[in-house]
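Data block below; observations after.
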Amino acid sequence: MKKRIEKHIKNHDFVKVYLADKDDLSMTHFEGFIFEQSDKFILMSDTTDFNYDGISVLRKSDISEIKHKENERFFKKILDGENITELIITKRDALNFSLGTFKEMFEQLQSSGLSIIIECRYSKDDRFLIGPIVKTEKKRVRLKYFNANGEFDLKPTSAKYKEITFFKIDSPYANIFYKYAKDVE
């Protein structure tokens, strides 16, 4: 898989990446450009309906398929024609973010002050966490979580690294929501 991913990075291919759990049950998929890979993760743009939807970090062990066929090639043609590819690359470069361990990646993001999205889909209780990072620890990250009313929890909410399916950076959803969230401290 490493060589195939490297080819997609080099060619700036638009791809669909499908995630599945250990029982090979589909969890979700992402559409976009893969920018970087490490032994454990890939860093890719997330594109929804031809719009930039942030940058996602996915575990390679969860990837069940990477699709780059006729549909994806046509999507790339549209993105190029609308100058969206250039916008996505510019936004990715502006993040100044690189892959590492969960702790290293979250430390980078903590100093940025960005609100992030973390999704945990490994247990029967899926979790969606949103907010800026307040602390990184050896086995978990703590967020200043805010709810659907834009109200922050009084205490940080934590996610164990082993429970994280993926996380998103620079998501318009998280950025705009955070802008209007009400700090209740």
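Side-chain atoms are counted along with the backbone in the values below, which use heavy atoms only and exclude waters and symmetry mates.
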Could you grab the distance from atom [atom1] of [X] to atom [atom2] of [Y], nearest 0.5 Å is fine?
X    : Y    : atom1 : atom2 : value
E119 : L58  : CD    : CG    : 11.0 Å
T157 : K144 : OG1   : NZ    : 11.5 Å
T136 : E104 : OG1   : CD    : 10.0 Å
I84  : I89  : CD1   : CD1   : 12.5 Å
I88  : N51  : CD1   : CG    : 9.0 Å
S115 : L143 : OG    : CG    : 8.0 Å

Checking F97, F35, F167, F33 against I55 for side-chain contact (heavy atoms from CB on, under 4.5 Å), the one that qualifies is F35
Testing M44, E72, K16, K67 for side-chain contact (heavy atoms from CB on, under 4.5 Å) with E31, which one passes?
K16
Compute the ring centroids of F146 and F177, then answer whether they are less than 6.0 Å apart.
yes
Checking salt bridge (Lys or Arg N to Asp or Glu O under 4.0 Å) for the pair R92/E36: CA distance, chi angles, key distance, verdict?
CA-CA 11 Å; R92 189 277 182 254; E36 185 181 339; 3.0 Å; yes
A quick test of your reading: do over 12 heavy atoms of other residues, nucleotides or ligands sit less than 6.0 Å from [atom1] of [X]?
X    : atom1 : answer
K135 : NZ    : no
N149 : CG    : yes
D93  : CG    : yes
F50  : CZ    : yes
E137 : CD    : yes
E86  : CD    : no

Do [X] and [Y] have side-chain atoms, one donor and one acceptor, less than 3.5 Å apart?
X    : Y    : answer
D153 : N147 : no
K2   : Q37  : no
D170 : Y52  : yes

The single option from F41, F30, F102, F128 passing ring pair (Phe, Tyr, Trp, His ring centres under 6.0 Å) against F166:
F30
Does K139 make a cation-pi contact with Y161 (under 6.0 Å, within 45 degrees of the axis)?
no
Cluster link V134 to M105, ILVMFWY, side chain under 4.5 Å
no
Keeping the roles fixed (side chain from Q108, backbone from S98), state whether a donor-acceptor pair exists under 3.5 Å.
yes
For K168, does its backbone N or O pair with a side-chain atom of S171 as donor and acceptor, under 3.5 Å?
no
My understanding is that a hydrophobic cluster links ILVMFWY residues whose side chain heavy atoms are under 4.5 Å apart, including indirect links. Using that, what else belongs to the cluster containing Y180?
I176
Check step by step if salt bridge (Lys or Arg N to Asp or Glu O under 4.0 Å) holds for D13 and K76.
CA-CA 7 Å; D13 291 334; K76 170 85 163 45; over 6 Å; no
